[in-house]
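This report refers to the structure that appears directly beneath it.
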Amino acid sequence: MTRLAEVAAADPADEAAALRREVASLRRALAERDAFLAGVAHELRNPMTPILGQVERLLAAAERDAPEGRVAQGLAQLRWLVERYVRRATTLLDVSRVQAGQLAPLAAPVPLAEVAGEVAAALQPMAAHAGSAIRVSVPDDLVLSCERLALDQILDNLITNAIKYGDGSEIAVSGIRDGTIARIRVSDRGVGIAEADQARIFERFARAVADPGTAPTGFGVGLWLVRRLAEAMGGGVAVESRPGDGATFTVTLPLHA
């Protein structure tokens with residue numbers, strides 16, 4: 001007799017007890033998985049910090065001696081690859097924090113223009129490869145009350161998606177004050193998102209555009225993580241889009257008082 005048949009043959013009280021045991025077992029397995037993921041992400045990310053520091057020092061020396069030389073260009077590409085690796089490990093770590101119920105960002109004054117500029121600069125090589133440019137238009141006095149790393153993750157995911165699906169168009173990043181909140185917009189003029197998919201894309205393992213002819217990249221958790229991070233910091237995220245007319249993602253976050 002199969003396990004399901006055994007449960008079906010049991011009386012209601014036994015069936016309920018068996019189901020509770022199954023649920024408890026699944027919860028333990030999920031907790032163990034999330035703890036494992038967090039450990040893996042931590043171990044993957046930590047060794048990269050000294051490596052990135054060494055690459056930065058070598059790049060600075062190469063740029064002083066021959067800023068246009070092949071060594072400087074190669075080191076700049078290596079720096080971008082290491083930074084990208086660190087961001088992917090950080091995404092895994094943040095996902096594990098969410099799943100473990102440990103996502104509690106610490107609010108502090110964070111200048112939006114500074115963080116947006118840093119993320120745009122880090123993603124510029126990826127944008128250039130896709131034929132896109134990133135334009136940042138954020139007032140210098142727009143200061144948020146949020147966690148800086150979480151804001152970095154939000155912008156990184158949104159700009160990366162805009163590059164992937166922007167079809168070579170310009171990526172516009174802007175921020176405006178609206179009462180006690182800031183509205184942060186990331187826009188492209190690419191393939192767009194069908195209305196039927198616009199709620200689904202914020203779920204875990206969903207993708208902004210389903211293209212059977214394109215191999216999937218990344219974990220498929222980017223927009224889900226954007227939503228969870230924004231909500232954890234007292235904000236939210238929404239999308240406006242039409243197929244063939246690009247997409248605009250708007251994140252709201254509280255302003256620093």
Side-chain angles (χ1 to χ4, degrees), residues 48 52 55-56 59-60 63 67 72-73 75-91 94 105 108-177 181-192 208-209 217-218 221-223 225-227 229-230 233 235 237-241 246-253 255-256:
M48 292 297 105
L52 183 58
V55 171
E56 292 278 8
L59 178 58
E63 286 179 338
Q73 293 175 3
L75 285 169
Q77 178 67 10
L78 178 59
R79 178 183 62 182
W80 179 77
L81 290 170
V82 175
E83 288 174 341
R84 192 77 185 144
Y85 179 94
V86 170
R87 284 196 294 274
R88 290 173 70 84
T90 300
T91 295
D94 283 341
V110 179
L112 177 58
E114 184 178 304
V115 178
E118 289 173 357
V119 174
L123 292 175
Q124 192 57 53
M126 180 182 180
H129 182 73
S132 297
I134 305 172
R135 176 173 55 83
V136 178
S137 177
V138 177
D140 291 335
D141 64 349
L142 203 58
V143 180
L144 309 182
S145 177
C146 66
E147 183 186 276
R148 189 183 185 106
L149 179 58
L151 176 61
D152 183 288
Q153 279 286 87
I154 287 172
L155 291 172
D156 181 273
N157 279 306
L158 291 180
I159 296 173
T160 297
N161 265 2
I163 293 169
K164 283 181 182 178
Y165 304 117
D167 200 23
S169 66
E170 180 181 75
I171 312 302
V173 182
S174 64
I176 61 170
R177 186 186 305 273
I181 65 169
R183 296 190 182 277
I184 307 158
R185 293 188 175 94
V186 177
S187 302
D188 66 76
R189 298 193 300 274
V191 296
V209 175
T217 58
V221 296
L223 293 176
L225 189 57
V226 166
R227 178 174 64 87
L229 289 172
M233 294 188 293
V237 61
V239 62
E240 297 177 47
S241 181
T248 295
F249 286 87
T250 302
V251 173
T252 56
L253 288 174
L255 287 167
H256 176 63

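These values consider heavy atoms only, across backbone and side chains, with no hydrogens, waters or symmetry-generated copies.
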Report all side-chain donor-acceptor pairs from residues 109-122 shorter than 3.5 Å, counting only partners two or more places apart or in another chain.
unit_1, atom_1, unit_2, atom_2, d
Glu114, OE2, Arg148, NH1, 3.2
Glu114, OE2, Arg148, NH2, 2.6
Glu118, OE1, Arg148, NH2, 3.4
Glu118, OE2, Arg148, NH2, 3.2

>> Other residues, nucleotides and ligands only: do more than 12 of their heavy atoms fall within 6.0 Å of CD on Glu170?
In response: yes
> Any side-chain heavy atom of Ile154 within less than 4.5 Å of one from Met233?
Replying inline: yes
>> Could you measure the distance from the CD1 atom of Ile181 to the CG atom of Leu255? Nearest 0.5 Å is fine.
In response: 7.5 Å
> Roughly how far, to the nearest 0.5 Å, is CG of Asp188 from CD1 of Ile159?
Replying inline: 11.5 Å
>> Distance check, rounded to the nearest 0.5 Å: Met126 atom CE versus Ile171 atom CD1?
In response: 9.5 Å
> Quick one: are Ile176 and Arg185 in side-chain contact, heavy atoms under 4.5 Å?
Replying inline: yes
> Any chance CG of Asp141 has more than 12 other-residue heavy atoms, nucleotides or ligands included, within less than 6.0 Å?
Replying inline: yes
> Given the rule in the side-chain contact (heavy atoms from CB on, under 4.5 Å) test, do Ile184 and Leu158 qualify, once you have shown the distances and angles that lead to the verdict?
Replying inline: CA-CA 11 Å; Ile184 307 158; Leu158 291 180; over 6 Å; no
> What pairs meet the side chain to side chain donor-acceptor pair (under 3.5 Å) rule with one or both residues in residues 120-134, with sequence neighbours excluded?
Replying inline: none
> With sequence neighbours excluded, what pairs up with Arg177 under the side-chain hydrogen bond (donor to acceptor under 3.5 Å, both in side chains) test?
Replying inline: none
> Between Ser145 (side chain) and His256 (backbone), is there a donor-acceptor pair under 3.5 Å?
Replying inline: no
>> In the structure I gave you, are the side-chain heavy atoms of Leu123 and Ile134 within less than 4.5 Å of one another anywhere?
In response: yes
>> Run the side-chain contact (heavy atoms from CB on, under 4.5 Å) test on Thr248 and Val239 for me, step by step, so that the C-alpha distance in whole Å, both residues' side-chain angles and the decisive distance to 0.1 Å come before the verdict.
In response: CA-CA 6 Å; Thr248 295; Val239 62; over 6 Å; no
